[in-house]
Amino acid sequence: MKLFIKPGACSLSPHIVLEELGLPYETEVVDLAKKTTASGQDYLAINPKGYVPALLLDGGELLTEGPAIVQYLADLAPEKQLAPANGSVARYQLQAWLTFIGTEVHKSFSPFFNPKAPQEWKDIARANLERRLAYIAQQLEGRDYLLGSDFTVADAYLFTVLNWSKFIKLDLGAWPLLAAYQARVAARPAVQAALKAEGLV
């Protein structure tokens, strides 16, 4: 399998999952501005959406969208328990978290990485982010991870987007449970391996 990434972007989430699972894979960096891969390919010919992540499967199929990719990967090695069993209520709770992170947290960071975004938009996004982070911190009360005591693919995604807080000078220390959670996830060997591979530590 080949995972197309941009270091530090949301593609870090499936990168972490691949490390957690110990599956064979390779990565290729994409220049999102030029839409070219490190090997010189036209990225739009590979993934017409033009963004990362994208996972090229051994059979030649392409999977896009981080929440879909991480669930596919988790299901390749169910014994690692990175996602609850399909059809279980817990699996739908995982999907609810993946959706919430994607639509309510990830997208609220977008204006800060858009040079054309007006300050008013950024102010609205920051207020929204603070509300969402307060909610997550509340949900982490008495839990190590989003679904309880076990690390899942949702934690890989949340860790990835929370990592962007330092770039917009949003101090997670305002939510001690969230700051402790981020440090706990960061300490995982697979997370460290992915961060090192992307030149982030």
Q) What distance do Asn47 atom CG and Asp42 atom CG have between them, rounded to the nearest 0.5 Å? A)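 If we round to the nearest 0.5 Å, Asn47:CG and Asp42:CG are 10.5 Å apart.
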
Q. Sub-3.5 Å donor-acceptor pair from the side chain of Ser11 to the main-chain atoms of Lys6, do we have one?
A. yes

Q. Counting distance only, does the side-chain N/O of Glu28 pair as donor-acceptor with the main-chain N or O of Ser39 below 3.5 Å?
A.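 Yes.
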
Q. In terms of the angle between their ring planes, are Phe109 and Trp164 parallel, tilted or perpendicular, with boundaries placed at 30° and 60°?
A. perpendicular

Q: Determine the interplanar angle of the Tyr135 and Trp97 rings, folded into 0 to 90°, and report it as parallel if under 30°, tilted if 30 to 60°, perpendicular if over 60°.
A: tilted

Q. What's the verdict on side-chain contact (heavy atoms from CB on, under 4.5 Å) for Gln182 and Asn163, showing C-alpha distance, side-chain angles and the deciding distance?
A. CA-CA 8 Å; Gln182 190 72 349; Asn163 227 28; 3.6 Å; yes

Q.
Apply side-chain contact (heavy atoms from CB on, under 4.5 Å) to residues Leu162 and Tyr181 and explain how you reach the verdict.
A. CA-CA 10 Å; Leu162 288 180; Tyr181 165 87; 4.2 Å; yes

Q | Partners passing ring-ring contact (aromatic ring centres under 6.0 Å, His included) against Phe159 (at least two apart in sequence or in another chain) | A |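 Expected list: none.
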
Answer whether the closest heavy-atom distance between the side chains of [X] and [Y] falls below 4.5 Å.
X      : Y      : answer
Leu55  : Leu73  : yes
Thr37  : Phe4   : yes
Leu177 : Arg143 : no
Ile136 : Leu158 : yes
Lys34  : Tyr43  : no

What heavy-atom pair brings [X] and [Y] nearest, and what distance separates the two atoms?
X      : Y      : answer
Glu198 : Gly8   : OE1-N, 2.8 Å
Ile101 : Ala154 : CD1-O, 3.5 Å
Ala197 : His15  : CB-CE1, 3.8 Å
Ala74  : Leu21  : N-CD1, 4.0 Å

(Q) Membership question, hydrophobic clusters at under 4.5 Å side-chain separation (ILVMFWY): are Ile168 and Leu12 in the same one? (A)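 Both belong to a single hydrophobic cluster.
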
Cut-off 3.5 Å, no hydrogens considered: what does the side-chain donor-acceptor table look like for residues 110-121, sequence neighbours left out?
| from | atom 1 | to | atom 2 | distance (Å) |
| --- | --- | --- | --- | --- |
| Ser110 | OG | Lys107 | O | 3.3 |
| Asn114 | OD1 | Lys116 | N | 2.9 |
| Gln119 | NE2 | Asp123 | OD1 | 2.9 |

Q. Should Arg91 and Asp75 count as an ion pair when the cut-off is N to O under 4.0 Å?
A.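 Yes, this pair counts.
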
Q) Would you call Glu19 and Arg188 a salt bridge, taking side-chain N to carboxylate O under 4.0 Å as the test? A)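 Salt bridge between Glu19 and Arg188, a charged N being under 4.0 Å from a carboxylate O: no.
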
Q.
For a quick check under 3.5 Å, do Asn128 and Ser108 share a side-chain donor-acceptor pair by atom type?
A. yes

Q.
One pair to check against side-chain contact (heavy atoms from CB on, under 4.5 Å): Leu172 and Lys166. What are the steps and the verdict?
A. CA-CA 9 Å; Leu172 294 182; Lys166 57 192 170 197; over 6 Å; no

